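The next block holds one structure in the form of structure tokens; read it before the comments.
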Amino acid sequence: MATTMASRRQQSAFKSGTPARVHRNPFDDVLEQIDRAAAVLHPDPDSLEPLRHPRRQVVVSVPVMMDDGHLRIFEGYRVVYDNSRGPGKGGIRYHPEVNLDDCKALAAWMAWKCAIVDVPFGGAKGGVACDPLKLSDGEVERITRRYISEIFDLIGPTVDIPAPDVGTSPKVMAWVMDTFSMKKGYVEPGVVTGKPIPLGGSGGRLEATGRGLLFIMRETLKRVDRELAGSSVAIQGFGNVGSNAARLLHAAGAKVVAVSDVGGAIYDPRGLDLPRVSAYYRETGRLCGFPGTRKLDNAALLHLDVDVLLPAAMEDQITRDNAGEIQARIIVEGANGPTTPDADEILARRGVLVVPDILANAGGVVVSYFEWVQDRYGYFWKEAEVNERLEEKMVAAFDAVWNTRERFEVDARTAAYILAVDRIMEARKLRGLYA
Ligand code: NAD
């Protein structure tokens, strides 16, 4: 199944311009994670088995008239992995190699994430196999409208709620909302999250993942008798997640000593002046060359002697080849899947604490939940209120994972899976089997 996972690499490459690498089917990883949690929980097999199967998998044809007057048929997907705790929730990905296995795995991870932060959603994911970088705005709009028409009966604010993902944006979410509303005959902002604010988007949504990471990092440091203020942090990736996390961490008093993008890293052991770095990045589109800093290559950033390493770029950055050289005491995963399973084992042996992605980067889905609540309520909160509620949710999730880790004497990642699987199995058990 190397090609399937290769596509997962391609999706990152698509965003970052980094070459794709070959890996195995991501859905195999999902099944392995379920087994890891089951090895500790020892559930009855009839409760466990349904978790190994997506609730619904849909493949649709998306015929679209291109700008040159030719018809092209794209393939679209939507998977709801689990909806025992609430409607499906998960992004729409536009990428040339998006496929059903990727959507199954990504939908399962959304289910685990929603269970860990305890929002009343299941997990879902979808996408269309297309390359938005090679399409006009009009073509992307027509693909979106036809794709949403094809899955119209399967989405909705109480059914399955999409959001942006790789290759899609708030603008695409506006078309999703409009298509769904036009077909319904009334305005339904709650069908999708990550919308522009004038259409019912939420304040604080854009920075939510970075802000969630700040809370998780602060709580992690507290548990090892450290404080965020003064702790040194190196951040890989300066996109939505990395740049917002860097800005917020700096403002909270952390010493961000290195940041990187696909072009390389900059380093100043005294701590970077983040507002000036961000302004430089906005003006020049690059980090390297920022005055008064040392240039490092991307590999060297990962080996820096810091309190916390925050990978916020792409998958498979910490592998068995470099895990032995990581000097950081703590890794907080901003990206999805930045640490490979074999690297995880090496880090555990070396006493490096890894805070897993499905907990650490869940701030985005938490504020998506708040957006949905505000849309359904028809009353919008101030951004400060959104941030305060985000903090409450992230701290509660952190405590739950930490307590599970101590109770079962496992690493934090296994604790997160245990918590998620247990919460989903409990919901399924309470609902019983509809026959
Ligand atoms: P993005 O495309 O905005 O930013 C990615 C950044 O990583 C860019 O700065 C790019 O230059 C950099 N990069 C790519 N390859 C690199 C490399 N080898 N070394 C150093 N930098 C490199 O993406 P994003 O939205 O910030 O997402 C980053 C990660 O976080 C992804 O794994 C994504 O799935 C995950 N994530 C994002 C969100 C969100 O709300 N955006 C939520 C949860 C998880």
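Just so you know, these numbers come straight off a predicted model, no measurement behind them. For ligands, and for the atoms within them, numbers begin at 1 and follow the listed sequence. Sequence positions, counted from 1, serve as the residue numbers for this chain.
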Item to check | Subset of ligand 1 atoms that lie under 4.0 Å from at least one heavy atom of S260 | outcome: 20 (C), 21 (N)

Next on the checklist: Below 3.5 Å, N or O to N or O, backbone or side chain included: is there any such pair between N361 and ligand 1?
Outcome noted: no

Checklist entry - Closer than 4.0 angstrom: is that true for some heavy atom of G364 and an atom of ligand 1? => result no

Checklist entry - Salt bridge or not for D35 and R52, using N-O below 4.0 Å? => result yes

Checklist entry - Mind checking whether F238 has an N or O less than 3.5 Å away from an N or O of ligand 1? => result yes

Item to check | Carboxylate-amine/guanidinium contact K125 D160, below 4.0 Å | outcome: no

Item to check | For A400 against R423, the heavy-atom pair lying closest together | outcome: CB-NH2, 3.8 Å

Next on the checklist: So for ligand 1, is V262 a polar contact partner (N or O within less than 3.5 Å, distance only)?
Outcome noted: yes

Checklist outcome for this item: When every non-hydrogen atom of P87 is compared with those of P157, the smallest separation belongs to CG-O, 3.9 Å

Checklist entry - So, are R413 and E333 salt-bridged, with charged N and O less than 4.0 Å apart? => result yes

Checklist entry - Considering distance alone, does some N or O of R205 sit under 3.5 Å from an N or O of ligand 1? => result no

Checklist entry - When you check the gap from the basic side-chain N to the acidic O, do R146 and E150 get nearer than 4.0 Å? => result yes

Item to check | Ligand-residue contact atoms, ligand 1 with M314, heavy atoms, under 4.0 Å | outcome: 15 (N)

Checklist entry - Taking F121 as the fixed residue, which of Y81, F370, W112, Y369 is the one that meets the ring-ring contact (aromatic ring centres under 6.0 Å, His included) rule? => result Y369

Next on the checklist: Which of the numbered atoms in ligand 1 are under 4.0 angstrom from any heavy atom belonging to G334?
Outcome noted: 30 (O), 35 (C), 44 (C)

Checklist entry - When only distance counts, is T209 in polar contact with ligand 1, meaning an N/O pair under 3.5 Å? => result yes

Checklist entry - N/O to N/O below 3.5 Å, does that happen between N336 and ligand 1? => result yes

Checklist entry - Given G239, A360, A362, which one has a non-hydrogen atom that is nearest to atom 4 (O) of ligand 1? => result G239

Checklist entry - Nearest heavy atom to atom 7 (O) of ligand 1: which of A313, P311, A265, P338 does it belong to? => result A313

Checklist entry - Should we count CZ of R329 as having more than 12 external heavy atoms under 6.0 Å? => result yes

Checklist entry - Please walk me through it: do R218 and E391 pass salt bridge (Lys or Arg N to Asp or Glu O under 4.0 Å)? => result CA-CA 11 Å; R218 185 192 68 195; E391 179 171 8; 2.9 Å; yes

Next on the checklist: Judged on heavy-atom distance to atom 12 (C) of ligand 1, which of G237, A208, G91 sits nearest?
Outcome noted: G237

Checklist entry - Would the number of heavy atoms belonging to other residues, nucleotides or ligands and lying under 6.0 Å from CZ of R276 be above 12? => result no

Next on the checklist: Can you name the atoms of ligand 1, numbered from 1 with element, that are less than 4.0 Å from a heavy atom of A312?
Outcome noted: 28 (C)

Checklist entry - Short list, please: which atoms of ligand 1 are under 4.0 Å from a heavy atom of A335? => result 29 (C), 30 (O), 32 (O), 35 (C)

Item to check | Within reach of ligand 1, part of S243 (heavy-atom separation under 4.0 Å) | outcome: neither

Checklist entry - Which bit of N298 is near ligand 1, meaning a heavy atom under 4.0 Å away: side chain, backbone, both or neither? => result side chain

Checklist entry - Taking NZ, NE, NH1 and NH2 as the nitrogens, is one of them in D307 or R226 under 4.0 Å from a carboxylate oxygen of the other? => result yes

